Q: 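Sharing a structure with you now.
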Amino acid sequence: MPDPSNAQIAAAFDELGDLYELDGAIVHRVVAYRNAAKAVREAPVSIAALTREGKVTQLPGIGKTLEEKISALLETGTIPAAEKLRAKFPPGLVDMTRLPGVGPKRVRKLFDQLGIASLDALREAAEQQQLRDVKGFGPKFEETVLAAFAAGVAEKAAPRTLLHRATDMAAAIVDALQAHPSAGTVAVAGGVRRLTESVKDLDVIATSDDPAGLAGALGELDLVESCSVAGEAGARARTHTGMPIDLRVVAPDQLGNLLQHFTGSKAHNVRLREMAVRKGLHVSEYGVLDDATGTTHRCATEEEVYALLGLPWIAPELREDRGELDAGFIHPELVTQEDLRGDLHCHTIASDGRATIEGMAHAAQARGLEYLCITDHSATHGFGNDVPADELLRQVERVREVDASMDGFTLLIGTETNILPDGRPDYDDDVLAQLDWVVGSVHTQFQMGEAEMTKRIVAALEHPMIDCLGHPTGRLIERREGYTFDLDAVLDAARRTGSMLEINGNPNRRDLRETHARAAAQAGIPIVINSDAHGPETLDVTRWGVATARRAWLTKDDVVNTLPWRDFAPLRKRAR
DNA sequence: GCCGTTTTCGGCCCGACTGTTTTCAGTCG
């Protein structure tokens with residue numbers, strides 16, 4: 001029996017949280033399970049391995065009891081408490097809590113008194129007006145339930161929108177509201193501001209001398225389908241794509257409080273407020289209440305909010321309770337897109353790209369880059385045109401010619417070679433040796449087991465001609481988990497062999513993901529942020545790679561392609 | 001269930017909204 005992955009352990013804790021909640025446990029116990037799930041999910045090391053070493057309680061949020069539960073999961077494949085609770089509460093109960101306005105307490109009551117144990121049974125009971133017979137429930141509740149079914153909420157979890165799309169939408173909304181005559185400051189908060197991988201809604205905050213007018217203006221926007229509760233304090237709306245928008249309007253002297261509150265994350269805010277309480281302060285979106293004086297400090301800026309708590313301003317990307325509120329925290333100087341001088345992963349019409357070598361090179365130069373490496377897909381098929389070895393060698397000549405024709409720009413030739421199932425690249429070494437740079441990527445046989453995949457990637461990293469591992473996990477955000485491998489072993493191999501790891505900027509990938517990138521940088525492994533562009537316009541996607549890097553606490557020093565090529569070149573494995 | 005310039009027990013963020021309520025519990029963000 002293979003060890004459960006961190007994701008599986010986290011899921012088990014989330015399930016236990018749900019089950020204990022149905023069982024009527026106090027909220028703090030439930031929260032403890034959910035916090036533990038978050039800690040496990042974000043851990044860059046194997047929780048199973050950590051547990052075997054007896055060190056898992058070092059992870060904040062994991063105590064003696066949860067350690068025992070992980071041990072049981074490792075040894076028997078299951079957790080006794082979960083077995084017991086599953087026998088008590090059918091799985092349909094947790095499904096029911098997905099409906100808005102339907103939480104664990106109400107589900108439990110309906111289960112106990114009417115035996116309702118599934119979404120279907122709930123719908124039927126609502127249709128037959130049976131729910132109102134239970135004390136605490138009425139006709140409105142039946143309506144809410146039926147409306148949720150009618151809206152299709154029951155079928156699937158609320159969709160999440162990838163950051164690049166959410167950012168475009170948010171920008172359009174901010175621009176439109178900013179144009180309103182009453183608008184003062186209009187700003188994006190929430191996950192879009194923190195640059196998370198995906199978001200479930202848009203949070204927009206504003207000041208205005210006509211709050212109701214501004215809130216009304218939101219409902220008039222083309223991309224808004226419907227708008228409800230528009231009033232003095234703001235509005236709730238929904239886009240045609242189904243994304244909820246939350247607009248909050250506040251006086252200018254509270255803008256800092258509101259921005260801090262609505263930027264989140266929830267975990268950051270909870271931790272921040274707990275720290276505040278210990279200092280006799282109470283933080284909310286309206287101000288900071290001081291117990292000692294009974295006065296509420298209103299803050300026009302976030303800096304003032306943090307300063308009242310004795311903290312430096314913290315970049316939104318770091319606000320995840322991943323150490324940014326710990327004693328001794330020193331704010332890192334986060335890498336920016338302007339820091340990037342080169343891009344070492346892009347495609348042309350030679351494989352599946354849309355532009356020529358010249359097209360890509362001039363586009364990169366126009367964007368202010370100093371160097372670009374052409375890395376078309378390799379000899380094994382699957383991505384547009386194959387590039388057999390002789391074709392790649394002709395591509396070397398073409399790139400050298402274009403490079404010679406360019407002023408103040410270095411054009412490089414490489415490849416994105418497929419890492420074959422046994423870990424070898426799909427060109428011969430003497431071909432790879434004629435290139436400036438080689439990205440190795442896994443594009444096939446994702447299904448192989450963890451041990452085999454680890455062996456495959458480690459073998460690739462040990463290859464003297466593979467300089468960098470491309471999109472290391474193969475995940476697609478919200479769509480595909482990516483293949484599983486032992487991260488510790490891969491990081492160890494990268495460090496040992498002098499290989500670099502990529503943060504792929506494609507907004508669907510952002511791979512390495514932030515927790516892995518942070519672990520890699522801490523291990524001293526050089527990180528490269530690449531676009532993987534297939535056309536001139538997608539060269540800009542490095543901004544999403546930078547977003548991931550910033551969320552991983554990376555500085556300019558952690559990212560190698562912030563260096564000019566003359567300083568980058570000697571760091572390549574092939575040059576060492 | 002976790003955690004400790006509250007350290008082995010007694011706390012554990014803050015506020016809004018909703019519906020069913022005679023004063024509040026449940027849900028949500």
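What's counted below: heavy atoms across the whole structure, side chains too, no hydrogens, waters or symmetry copies. The model shown is predicted, which means the values in this text are computed figures rather than measured ones. Letters A, B, ... mirror the listed sequences (proteins, then strands); counts begin at 1.
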Q: Nearest-nucleotide wise, let me know which of A/Leu281 and A/Glu142 is further upstream toward the 5' end of DNA chain B.
A: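 Whichever sits nearer the 5' end wins; that is A/Leu281.
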
Q: Compare side-chain N and O positions of A/Arg29 against OP1 and OP2 of B/dG1 and report whether any pair is under 4.0 Å apart.
A: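 Yes.
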
Q: Show, in sequence, the C-alpha distance, side-chain angles and deciding distance for A/Asp18 and A/Tyr33, and conclude whether the side-chain contact (heavy atoms from CB on, under 4.5 Å) test is met.
A: CA-CA 9 Å; A/Asp18 290 339; A/Tyr33 276 94; over 6 Å; no

Q: Is a side-chain N or O of A/Arg160 found less than 3.5 angstrom from the main chain of A/Ser198, in a donor-acceptor match?
A: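 Confirmed, A/Arg160 side chain pairs with A/Ser198 backbone.
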
Q: Check the phosphate of B/dG1 against A/His28, side-chain N and O only, distance under 4.0 Å to OP1 or OP2. Yes or no?
A: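 Indeed not, no polar side-chain atom of A/His28 lies that close.
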
Q: Give me the distances for all protein-to-nucleotides 3-8 of chain B N/O pairs that come in under 3.5 Å?
A:
| from | atom 1 | to | atom 2 | distance (Å) |
| --- | --- | --- | --- | --- |
| B/dC3 | OP1 | A/Gly61 | N | 2.7 |

Q: Between the side chains of A/Gln260 and A/Asn269, does any donor sit under 3.5 Å from an acceptor?
A: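 Checked: A/Gln260/A/Asn269 side chains pair up, N/O donor to acceptor below 3.5 Å.
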
Q: Check the orientation of A/His331 and A/Trp313. Use parallel for under 30°, tilted for 30 to 60°, and perpendicular for over 60°.
A: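 The arrangement is parallel - the two ring planes meet at less than 30°.
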
Q: Tell me the interatomic distance from A/Phe137, atom CZ, to B/dC24, atom C1', rounded to whole angstroms.
A: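 It is 15 Å, rounded to the nearest whole Å.
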
Q: Taking the side chain of A/Lys266 as its heavy atoms from C-beta onward, which of B/dC13, B/dT20, B/dG1 lies nearest to it?
A: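 From the listed options, B/dC13 comes nearest.
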
Q: Of the options B/dC12, B/dG1, B/dC14, whose atoms approach the side-chain atoms of A/Ser284 most closely?
A: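 Out of B/dC12, B/dG1, B/dC14, the nucleotide with an atom closest to A/Ser284's side chain is B/dC14.
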
Q: Considering every strand and a 4.0 Å limit on heavy-atom distances, what is the contact class for A/Leu99: base, sugar-phosphate, or nothing?
A: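 Counting heavy atoms under 4.0 Å across all strands, the contact made by A/Leu99 is with sugar-phosphate only.
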
Q: Nearest of B/dC13, B/dG26, B/dG19 to any side-chain atom of A/Lys140?
A: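 Minimum distance to the A/Lys140 side chain belongs to B/dG19.
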
Q: Just checking, any donor-acceptor pair under 3.5 angstrom between side chains of A/Asn506 and A/Asn508?
A: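 Yes.
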
Q: What's the closest nucleotide to the side chain of A/Ile26 if the choices are B/dC12, B/dC13, B/dC2?
A: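 Side chain of A/Ile26 sits closest to B/dC12.
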
Q: Base, sugar-phosphate alone, or nothing: which one does A/Val31 contact when heavy atoms must sit under 4.0 Å apart?
A: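 Nothing, no nucleic acid heavy atom in range.
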
Q: In whole angstroms, how far is the C1' atom of B/dT21 from the NZ atom of A/Lys109?
A: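 From A/Lys109 NZ to B/dT21 C1': 12 Å.
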
Q: With a 4.0 Å cut-off on heavy atoms, is A/Phe262 in touch with a base, just the backbone sugar-phosphate, or nothing at all?
A: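 A/Phe262: no heavy atom of the nucleic acid under 4.0 Å.
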
Q: Using atom CD of A/Gln260 as one end and atom P of B/dG15 as the other, report the distance to the nearest whole Å.
A: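 Atom-to-atom, A/Gln260 to B/dG15, this comes out as 13 Å.
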
Q: If I compare all heavy atoms of A/Pro507 with all of A/Ile477, which pair ends up nearest, and what's the gap?
A: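 What the structure gives for the nearest pair is O-CD1, 3.5 Å.
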
Q: I want to verify a distance call: between B/dG29, B/dT27, B/dT20, whose nearest atom is closest to the A/His261 side chain?
A: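 Nucleotide nearest to A/His261's side chain: B/dG29.
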
Q: Among all residues two or more places apart in sequence or in another chain, which pass the salt bridge (charged side-chain N to carboxylate O under 4.0 Å, His left out) test with A/Asp246?
A: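 Applying salt bridge (charged side-chain N to carboxylate O under 4.0 Å, His left out) to A/Asp246 gives A/Arg236.
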
Q: With heavy atoms under 4.0 Å as the rule, sort A/Pro244 into base, sugar-phosphate or nothing.
A: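 Here A/Pro244 touches no strand at all.
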
Q: Phosphate oxygens OP1/OP2 of B/dA16: is one of them under 4.0 Å from a side-chain N or O of A/Tyr286?
A: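 Answer yes for this pair, as a side-chain N or O of A/Tyr286 is under 4.0 Å from OP1 or OP2.
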
Q: Starting at the 5' end of DNA chain B, which residue's closest nucleotide do you reach first, A/Asp246 or A/Lys64?
A: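 Nearest-nucleotide comparison on DNA chain B picks A/Lys64.
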
Q: Of all the choices, B/dG26, B/dG15, B/dG1, which nucleotide is nearest to the side chain of A/Ala32 once you look at every atom?
A: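 So the side chain of A/Ala32 is nearest to B/dG1.
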
Q: What's the closest nucleotide to the A/His282 side chain, out of B/dC13, B/dG26, B/dC14?
A: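 Of B/dC13, B/dG26, B/dC14, B/dC14 is nearest to the side chain of A/His282.
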
Q: Reckon A/Lys200 touches a base, only the sugar-phosphate, or nothing at all at heavy-atom distances under 4.0 Å?
A: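 A/Lys200: no heavy atom of the nucleic acid under 4.0 Å.
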
Q: Side chain of A/Arg106 only, please: which of B/dG19, B/dG26, B/dC12 is the nearest?
A: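 Selected nucleotide (nearest to the side chain): B/dG26.
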
Q: Which residue pairs pass the side chain to side chain donor-acceptor pair (under 3.5 Å) test with at least one member in residues 135-152 of chain A, sequence neighbours excluded?
A: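 Matches after skipping sequence neighbours: A/Arg132-A/Glu142.
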
